[in-house]
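Working notes, structure below.
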Amino acid sequence: MHTAELALSLLLVVIIVVSLLSNVLVLICFLYNAEIRKQVPGLFILNLTFCNLLLSASSMPLTLFGVLSNAHPGGHIFCQVVGFLDTFLTTNSMLSMAALSIDRWVAVVFPLSYHSRIRHRDAVIALAYTWVHSLSFSVVAACLSWVGYHQLYASCTLCNGRAVNAKTQFAIYTVVQHSLTFLLVSVVLCVTYLKVLKVARFHCKRIDVITMQTLVLLVDIHPSVRQRCLEEQKRRRQRATRKISTFIGTFVICFTPYVITRIVELFVKEPFNPNWGVLCKSLAYSKAACDPFVYSLLRHQYRKTCSDIINRLLKRSSPNGSGHQQENGKIGRAKEIVKDGEVEARHTH
């Protein structure tokens, strides 16, 4: 085995392990915390988690086997089933990300009417569309025998196993599929999250003004408290940009090389390096390992749930020491005024 193949194998092992553990942890948090289950985005996250888990348990191990053995994993029918799942789960997970971005856009841009605009019934309808959309492309590919083992990606996925005269039809199918999944979701993510960032920056400016007015009024405030407030202003501005960059960036970095390679190979006769194909497929798989952290585990609610689960397993109470409960009077006054200003700014907007 060459060094490149060994490195790709190790990369796939890491992706599989991280994806399985992180998505299982998200599922445990969802089942443990009733508040998470009540939230509308929880349905989209649950659907995304199931897609990532099934992808990690079906397609990823077979790709690892294909890299290690340079052989066809399993029989032809088995590979077709896995290829069908690969197409369905990847498409479904992309559309779930788009649904999450729309939900967050509505929550930020229309905070007062969010619960009337986005209800559980609307979420179920959106999920039904993602399933119909994903099944449509997967069923068409399976019926036309366009799923099977692809040597370039060492995977059971989309491939043209029929006669040469079907090449044009397969090329049209591939372009349409990626246009209505990857391209469509990319546009939705950029439009919604950039609008969210615009609103977040507007609120940050309003809050900064109120914070500075508060610091001027509290003439007796300690210099360290004033410095902490100024640092929080800077962190608040950076936090919104960092989150939006993470949502869009992980999607683009993970899927773009794979999609471009898919499109280019339709029109180029010279074969690609197999290591490049496996690397692109591994990057696409890595999105399943990133999603639990991007959408769930780094959020306060999920971190708090994980902490409660660990404390329960260790049979100890939550750490609520007196040092965490008591605050300095002036710091409390400053924080209350800043929070009131934030609420006022949002309602004014």
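Note: hydrogens, waters and symmetry copies are ignored here, and every other heavy atom, side chains too, is used.
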Gap between atom CD1 of Ile253 and atom CD1 of Ile248 - 0.5 Å precision: 11.5 Å

List the steps and the verdict of salt bridge (charged side-chain N to carboxylate O under 4.0 Å, His left out) for Lys304 and Asp308. CA-CA 6 Å; Lys304 179 66 169 59; Asp308 292 342; 3.0 Å; yes

Shortest non-hydrogen contact between [X] and [Y], atoms and distance:
X: Ser58; Y: Leu62; result: O-CG, 3.5 Å
X: Asn52; Y: Ser19; result: O-OG, 4.1 Å
X: Leu43; Y: Ala123; result: CD1-CB, 3.7 Å
X: Ala142; Y: Phe84; result: CB-CD1, 4.0 Å
X: Pro257; Y: Thr261; result: O-OG1, 2.7 Å
X: Gly42; Y: Phe30; result: O-CE1, 3.5 Å

Side chain to side chain contact (heavy atoms under 4.5 Å, CB included) between Glu5 and Leu68, worked out: CA-CA 8 Å; Glu5 294 176 347; Leu68 293 174; over 6 Å; no

Would you say the rings of [Y] and [X] are close, in the sense that their centroids are separated by under 6.0 Å?
X: Phe251; Y: Phe247; value: no
X: Tyr173; Y: Trp146; value: yes
X: His178; Y: Phe182; value: no
X: Tyr258; Y: Tyr153; value: yes

Check the surroundings of atom [atom1] in [X]: do more than 12 heavy atoms from other residues, nucleotides or ligands lie under 6.0 Å from it?
X: His120; atom1: NE2; result: yes
X: Phe170; atom1: CZ; result: yes
X: Ile77; atom1: CD1; result: no

Which is it for Phe137 and Thr90 under the side chain to side chain contact (heavy atoms under 4.5 Å, CB included) test, yes or no, and what are the steps along the way? CA-CA 11 Å; Phe137 284 102; Thr90 303; over 6 Å; no

Can you get from [X] to [Y] by hopping between Ile, Leu, Val, Met, Phe, Trp and Tyr side chains that sit under 4.5 Å apart?
X: Val40; Y: Tyr295; value: yes
X: Phe88; Y: Phe78; value: no
X: Leu55; Y: Val82; value: no
X: Val252; Y: Val264; value: yes

For the pair Asp291 and Lys287, find out whether any cationic side-chain nitrogen is under 4.0 Å from an anionic carboxylate oxygen. yes

Test: Lys281 and Asp86 ion pair at under 4.0 Å: yes

Cation-pi between Arg117 and Phe110: NZ/CZ under 6.0 Å from ring centre and within 45° of the ring axis? yes

Can you tell me if the gamma sulfurs of Cys79 and Cys156 fall under 2.5 Å? yes

Short question: side chain of [X], backbone of [Y] - any donor-acceptor pair under 3.5 Å?
X: Ser138; Y: Leu135; answer: no
X: Thr91; Y: Ser134; answer: no
X: Asn47; Y: Phe44; answer: no

Kindly determine whether Ser59 and Tyr285 satisfy side chain to side chain contact (heavy atoms under 4.5 Å, CB included), including the steps that lead there. CA-CA 9 Å; Ser59 187; Tyr285 286 152; 2.6 Å; yes

Can you name the one residue among Val17, Val18, Ile16 that meets side-chain contact (heavy atoms from CB on, under 4.5 Å) with Leu20? Ile16

With no hydrogens and no angle check, do the side chains of Tyr149 and Thr157 hold a donor and an acceptor under 3.5 Å apart? no

Step-by-step side chain to side chain contact (heavy atoms under 4.5 Å, CB included) determination, Leu184 to Met94: CA-CA 9 Å; Leu184 175 64; Met94 286 186 183; over 6 Å; no

